[in-house]
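Inspection log for the structure reproduced underneath, given as structure tokens.
Model, not experiment: these values are computed from the prediction. Residue numbers begin at 1 in each chain, while the letters A, B, ... track the order of the sequences.
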Amino acid sequence: MVALSVKDLAAAYRKNVVLHDVSFEIKAGTLTGIVGPNGAGKSTLIKSLLGLHPILSGSVSFFGSPLEKVKKRIGYVPQRGSVDWDFPTDALDVVTMGLYGQIGWLKWPSKRHRQKALEALDKMGMADYAQRQISQLSGGQQQRVFLARALVQDADLYFMDEPLAGVDAATEKAIMITLQELKAKGKTVLVVHHDLETVEDYFDHVLLLNRTVIAHGKTEEVFTPELIAKTYGGRLKLTKEGMGYGHLVKQ
Amino acid sequence: MAILLSSNAQWVLVSTFLLGIAAGLIGTLSYWKQQSLMSDALAHAALPGIVLAFIVLREKNLLVLIIGATISGLIGAFCIQWIRSFSRIKDDAAMGMILSVFFGLGIMLLTIANRLPGGNQSGLESFIFGQAAAMVKQDVYIMSLLALVVILAVVLLFKEWKLLLFDPAFGQGLGLPIRFLNGFYTVLLVLAVVIGLQAVGVILIAALLIIPPVSARYWTHSFKGMLVLSALFGGFSGAVGTLISAMGSGWPTGPFIIVTAACLFLTSLIFGLEKGLLVQYLLHRRQKRSVSPKPIPPDWGMPPKVREG
Amino acid sequence: MSYTAWILLTASLVGLTCGLVGTLLILRRMAMMADAISHTVLLGIVIAFLATRSLHGIHMLVGAALAGLLTAFLVQWLHARGVREDASMGVVFTTLFAIGVILIATQVGNAHLDVEHALMGEIIFIPFNVTQLPVVGEVPLATLTLLIVTILVIALILLFYKEWKITSFDPALAASLGIPVGLMHYLFMTMVSVTAVASFDAVGAIMVVAMLITPAAAAYLWTDQLRIMFVLSGLFGVLAAFIGYYTAVWLDTSVSGSMAFATGLIFLVSILLSPKYGLLGKRLRPAQGEVK
């Protein structure tokens, strides 16, 4: 089954076209890494798909339906830096926010909702921090709270914007275990990812993006030195001995 | 129109013209410092200083009032900086607080000053909306002179300002005294605001610093070009606004100056060559044609409903 | 009720409503938007007056709400076209305000609508302009308007509590959950405008900014919980009303100015003494340190 289908999508930021001719299909039950250089339009792509950024042209469908009909089946984890962590609230409360769409208008979150949120926090190893003011959490802990909030939504399709940026090793591991579990349950997950070294370990599918789709498919087929070079246009600076794309550095 | 005939009126015109130029120049610096609303906060913060200077001296000497306003404005600027760096209160809230609390203090003092002998006739109220017609020759001289000081300071230190605004770290590497320049900028900003208080008023003087640079932005990308245009827009608004307000008896000067500036802004917004609506519309149409040969659904232009950042 | 009691009640209602609305203003980082709206509301009042030739409650409220919405819309519109948000605010509100002042100076004349009155407010005249209500008897018109607005504000905050919370904290997530972020934004702008105009008679256009922002900013330094911040902010607003009134009586000066100044005092005490985020509080507990 196709979880997400994108056809000829184009989007502009101010005067510049940042995405053009973007077309791809994501099969349900896959874990896909969206990889590309800075300014490639990765975040813009996610925002455009979710209707948070205006698109110039093209069409998007989720499980064969337009966004409006399936909003409840879609979960979104924004970049950690996109919110104000000084906001007067605690970790549990932030996770409960993931349920606001289901709770509906004029109703207050019940004990059952809070219990559900607590379970999600527990799953991310954050149960002890439930009552902690969010500004008092470390970067990794904040990211876990964000992930717990996505879990509690119990969506079928998740979009995550750089969930592994600036987190500690333990958090990275916890998050990846969670993502694998989601996949095992048949959920579909799209992750914007910046660290080329871990792509092969983490994702079964890769979408190479630089303003348009350079390549998309199974990791072993697509994540090749040639295609990476094409995506990064020789600007690749990362290197690691023994890695397949080490020789690409500064051609 | 009788006012046009007197030589005093011509001088007033020259002084508001110079004021507009000074405001347009320093406003451009504020724009690039991303502090457009700072001038608004400082203008309001100047009010208690004006009234206190009057209470102490018991006469309306513009130079003394300006000194009082400058001190009080600088205290306001310091408070904003202090709140911002020592608490979790954000920029905008700090500015809003200083603006309104200082203004409240100013009104308290103004009420008291009006009870003092001679206070009621002092015309201190004219500082709120500005009354250029109430200016005497000495006021005009002081205002013009100080405006010239601001203009010269911006022009002579042109390349230093440029570095300060675009790459302060690099400037520091070159040995530029960044801290001093930042302090000097704040002094100039306060000065530009307070000399305009009598002509334009506490509430609207900020607009004379904000609107011209925003309008200039629609015509040019260069910093120098923006400074020149902004100064011209400011000067034009100052002079024309004063002229119009002189046509009716008791018409406040400030609002007319600002509406003139706003008309220039509207013209720039629509016809501006760099980012004007007309140019952008044409560009957008071409862009979409190149992106997709298919007809575009009509609802493409909906702005995102999500706050950025 | 006595003259003083009416004034204190009115001032307290201003403090309470502004404190509640202000909490959301601070958290949504829209403090300067309050400044902008409180100014442009003047244009709404003038136009409502020119259209209906009356200065009565409901016309003013509708005019103000429309002016506030227009401001919010124009700021957003310019911002979407590449003008930085603070700059577009500065352009919009000063221009609309200037038009308002010009209309008053040229069209209305000082007899009916007084600019200075609108700017400074005159709470001491409020008890003289009364209306007859069943059961209660004579009630000052401004107080009645404020009471209705306060009830409305409290109801809206309680009804949409979780929506306010999520759209303030994470608008992107809220939008992805299907919560109408834009609609909530404009509803909130309407609340700010209506609050501002209801407080006009009492404290005027500029001091209302102090009532809106400062008590909420002070409350922000005392607590990490939204509920408590709402309550504290409202309380601080009422406290400022009392301190302001008695200071004004003592010094024989403007009540609205003193109220604005009192909010500043409350903030000063908070920033110095608050155990959580105050300067002294931090110094007393150096062990905890600052996270980030």
Self-check item: Distance in Å, B/Ile107 CD1 paired with C/Met207 CE, rounded so as to fall on 0.5 Å steps
Solution: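 That separation rounds to 5.0 Å.
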| request: Mind checking the CZ-OH spacing from B/Arg88 to C/Tyr220? Nearest 0.5 Å is all I need. | output: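 Rounded to the nearest 0.5 Å, the CZ-OH separation comes to 4.5 Å.
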Are the side chain of [X] and the backbone N or O of [Y] linked by a donor-acceptor pair below 3.5 Å?
X	Y	result
C/Thr94	B/Ala207	no
C/Thr253	B/Met108	yes
C/Asp35	B/Gly96	no
C/Arg84	B/Tyr31	yes

If you count heavy-atom pairs under 4.5 Å between each of [options] and chain B, which one has the most?
options	answer
C/Leu251, C/Thr214, C/Asp86	C/Asp86
C/Ile102, C/Thr95, C/Val203	C/Ile102
C/Ala174, C/Gly90, C/Ala248	C/Gly90
C/Leu221, C/Thr263, C/Leu212, C/Val255	C/Leu221
C/Ile99, C/Leu265, C/Val208, C/Val209	C/Val209

Let's go through B/Ile89 and C/Tyr277 carefully: what are the C-alpha distance in whole Å and the side-chain angles of both, what is the deciding distance for side chain to side chain contact (heavy atoms under 4.5 Å, CB included) to 0.1 Å, and is it a yes or a no? CA-CA 10 Å; B/Ile89 305 290; C/Tyr277 295 103; over 6 Å; no
- [ ] Specify whether C/Phe97 and B/Phe129 have parallel, tilted or perpendicular ring planes, treating 30° as the upper limit for parallel and 60° as the lower limit for perpendicular.
- [x]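 Answer is parallel, since the angle falls under 30°.
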Under 4.5 Å heavy-atom distance to chain B, tell me which part of [X] shows up: side chain, backbone, both or neither.
X	answer
C/Thr247	side chain
C/His185	neither
C/Ile206	both
C/Leu78	side chain

Side chain to side chain contact (heavy atoms under 4.5 Å, CB included) for B/Ile210 and C/Phe93? Distances and angles first, verdict last.
CA-CA 11 Å; B/Ile210 299 172; C/Phe93 90 81; 5.9 Å; no
With a 4.5 angstrom heavy-atom cut-off, is it the side chain or the backbone of B/Ala206 that approaches chain C, or both, or neither?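 Neither the backbone nor the side chain of B/Ala206 comes within 4.5 Å of chain C.
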>> Set out, in order, the CA-CA distance, both residues' side-chain angles and the distance that settles side chain to side chain contact (heavy atoms under 4.5 Å, CB included) for C/Val92 and B/Phe265, then state yes or no.
In response: CA-CA 10 Å; C/Val92 171; B/Phe265 168 72; over 6 Å; no
- [ ] Check side chain to side chain contact (heavy atoms under 4.5 Å, CB included) between B/Phe271 and all other residues, then give those that pass, not counting sequence neighbours.
- [x]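 If we apply the side chain to side chain contact (heavy atoms under 4.5 Å, CB included) test to B/Phe271, skipping adjacent residues, the hits are B/Trp219, B/Thr267, B/Leu278.
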* Asked: Is the count of non-hydrogen atoms from other residues, nucleotides or ligands lying under 6.0 Å from C/Phe125 atom CZ greater than 12?
  ->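 Not more than 12 within 6.0 Å, no.
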Can you give me the closest heavy-atom contact between C/Trp77 and B/Leu277, atom names plus distance?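 Shortest heavy-atom contact: CH2-CD1, 3.5 Å.
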Residue list, side-chain hydrogen bond (donor to acceptor under 3.5 Å, both in side chains) with C/Thr195, at least two apart or on another chain |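 Per chain and number, C/Thr195 pairs via side-chain hydrogen bond (donor to acceptor under 3.5 Å, both in side chains) with no residue.
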